[in-house]
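We name chains A, B, ... by the order of the sequence lines, and we start the count at 1 in each one. Quantities reported herein were computed from a predicted structural model and do not represent experimental measurements.
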Number of protein chains: 2
Amino acid sequence: MSGTEEHELVEKWRTLLTSYNGIACDLDRELQDQHGLGLSEFEALDRLIESGQDKLRMHELAADMYLSQSAFSRTVARLERAGLVGRAMCMDDRRALFVSPTDAGRARHAEARDTHRKVLAHHLD
Amino acid sequence: MSGTEEHELVEKWRTLLTSYNGIACDLDRELQDQHGLGLSEFEALDRLIESGQDKLRMHELAADMYLSQSAFSRTVARLERAGLVGRAMCMDDRRALFVSPTDAGRARHAEARDTHRKVLAHHLD
DNA sequence: GTGCATCAAATGCACAAGCATTAAATGTCC
DNA sequence: GGACATTTAATGCTTGTGCATTTGATGCAC
């Protein structure tokens with residue numbers, strides 16, 4: 001690998017690093033301040049609701065998220081504690097859990113969604 | 001904003017989110033396991049050494065980093081504790097501190113650099 | 001059925017991050 | 001020169017994260 005190629009690679013990475021951190025930081029702050037949701041909480045709720053399903057297994061919901069299994073588990077626990085999702089046992093496989101949004105969860109998501117999109121639009125124009 | 005535009009925006013963001021987290025996670029793990037450096041530590045050391053200067057003010061080094069001021073301060077503190085950088089008072093402005101790489105710091109950086117570039121090349125091909 | 005690997009989710013733990021505050025030095029305006 | 005705002009860096013505190021482990025349930029080989 002040439003020095004130039006290497007440098008381009010690093011530039012690319014630093015751009016990613018900086019842009020990600022800027023957006024994530026902003027998003028997290030806005031969502032937290034205006035709706036009491038952390039970024040991961042919003043992402044989980046967003047994916048859950050936009051799946052169209054009224055319930056998903058933890059495992060399924062976790063699948064396309066970026067979090068470790070433990071972080072995800074705690075994220076859903078926080079959402080549950082806040083009354084935004086419910087968890088129910090799965091009778092087919094008693095290891096699994098179903099997660100589903102509550103009415104409050106849908107409402108909160110609808111509000112937060114605007115903030116989310118606005119911040120994204122601002123950064124990714 | 002139309003629904004399609006919105007969806008594209010979200011797609012773009014999720015791509016960024018996923019790709020950033022994958023790379024950052026990998027980088028951090030490799031750097032930590034093979035060289036005992038966290039990602040932020042490496043980034044700080046890398047920027048310090050590649051600046052070409054033999055010393056930089058905290059403030060200057062922090063300038064193009066993605067960390068909060070407090071996180072950056074602690075990152076440099078860890079580097080110092082590990083003997084990879086030194087801190088010296090700045091006589092012009094006694095609030096400021098100079099940071100400079102030690103020999104050990106340069107050596108560690110030279111090793112870790114390969115790992116860093118390799119992981120980047122693997123993800124950003 | 002028994003033993004053993006595998007899978008789902010939760011938890012103990014250590015640690016890095018951000019926010020708010022603090023401490024000291026410098027700058028500014030009168 | 002004195003009072004007050006500003007800047008530089010560090011620190012107390014809380015919280016989210018990953019890793020490793022744990023607890024239970026399922027599947028499979030025999």
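Residue I23(A) contributes atom CD1, which lies 18 Å from atom C1' of dG18(C) at whole-angstrom precision. In this structure, E43(A) atom CD and dT17(D) atom P are separated by 11 Å, rounded to whole Å. If you measure from atom CD of E60(A) to atom C1' of dC7(C), you get 14 Å, rounded to the nearest angstrom. If you measure from atom CZ of F72(B) to atom P of dA10(D), you get 9 Å, rounded to the nearest angstrom. Protein atom CG of L39(B) is 14 Å distant from nucleotide atom C1' of dT17(D), rounded to whole Å. Rounded to whole Å, the distance from CG on L56(B) to C1' on dA9(D) is 16 Å. Straight-line distance from the CZ atom of F98(A) to the P atom of dA8(C): 13 Å, rounded to whole Å. Atom CE in M89(B) sits roughly 13 Å away from atom C1' in dA9(D) (whole-Å rounding).
Side-chain atoms of S68(A) and base atoms of dC19(D) include no donor and acceptor less than 3.5 Å apart. Remark: the Q69(A) side chain and the dA10(C) base include a donor-acceptor N/O pair separated by less than 3.5 Å. Side-chain to base pairing of R94(B) with dG27(C): no donor and acceptor N or O lie closer than 3.5 Å to each other. Applying the 3.5 Å distance criterion, the base of dT7(D) shares a donor-acceptor pair with the side chain of R95(B).
Partner E41(A) forms a salt bridge (Lys or Arg N to Asp or Glu O under 4.0 Å) with one of R81(A), R74(A), R78(A), R47(A) and no other, that one being R78(A). Remark: of the listed residues H116(B), H123(B), H122(B), H116(B) is the sole one forming a side chain to side chain contact (heavy atoms under 4.5 Å, CB included) with L120(B).
Residues H35(A) and F42(A) keep their aromatic ring centres 6.0 Å or farther apart.
With dT17(D), dA9(D), dA10(C) as the choices, the nucleotide that has an atom nearest any side-chain atom of A71(A) turns out to be dT17(D). Candidate nucleotides dT26(C), dT8(D), dC19(D) were compared by shortest atom distance to the side chain of R74(A), and dC19(D) ranks first. Candidate nucleotides dA9(C), dA16(C), dT17(D) were compared by shortest atom distance to the side chain of R78(B), and dA16(C) ranks first. The side chain of M58(B) lies closest to dA9(D) when the candidates are dA9(D), dA8(C), dG16(D).
Here S70(A) does not reach the OP1 or OP2 of dG12(C): none of its side-chain N or O atoms lies under 4.0 Å away. For R87(B), a side-chain nitrogen or oxygen approaches OP1 or OP2 of dA10(D) to under 4.0 Å.
Nearest heavy atom pair, residue R57(B) against residue C90(B), reads NH2-SG, 3.6 Å.
The number of heavy-atom neighbours closer than 6.0 Å to CG of D103(B), taken from other residues, nucleotides and ligands shown, is 12 or below.
Residues M91(A) and N21(B) both approach DNA chain D. Their nearest nucleotides, taken by heavy-atom distance, put N21(B) toward the 5′ side. For C25(A) and D93(A), each mapped to the nucleotide of DNA chain C holding its nearest heavy atom, the one lying further toward the 5' end belongs to D93(A).
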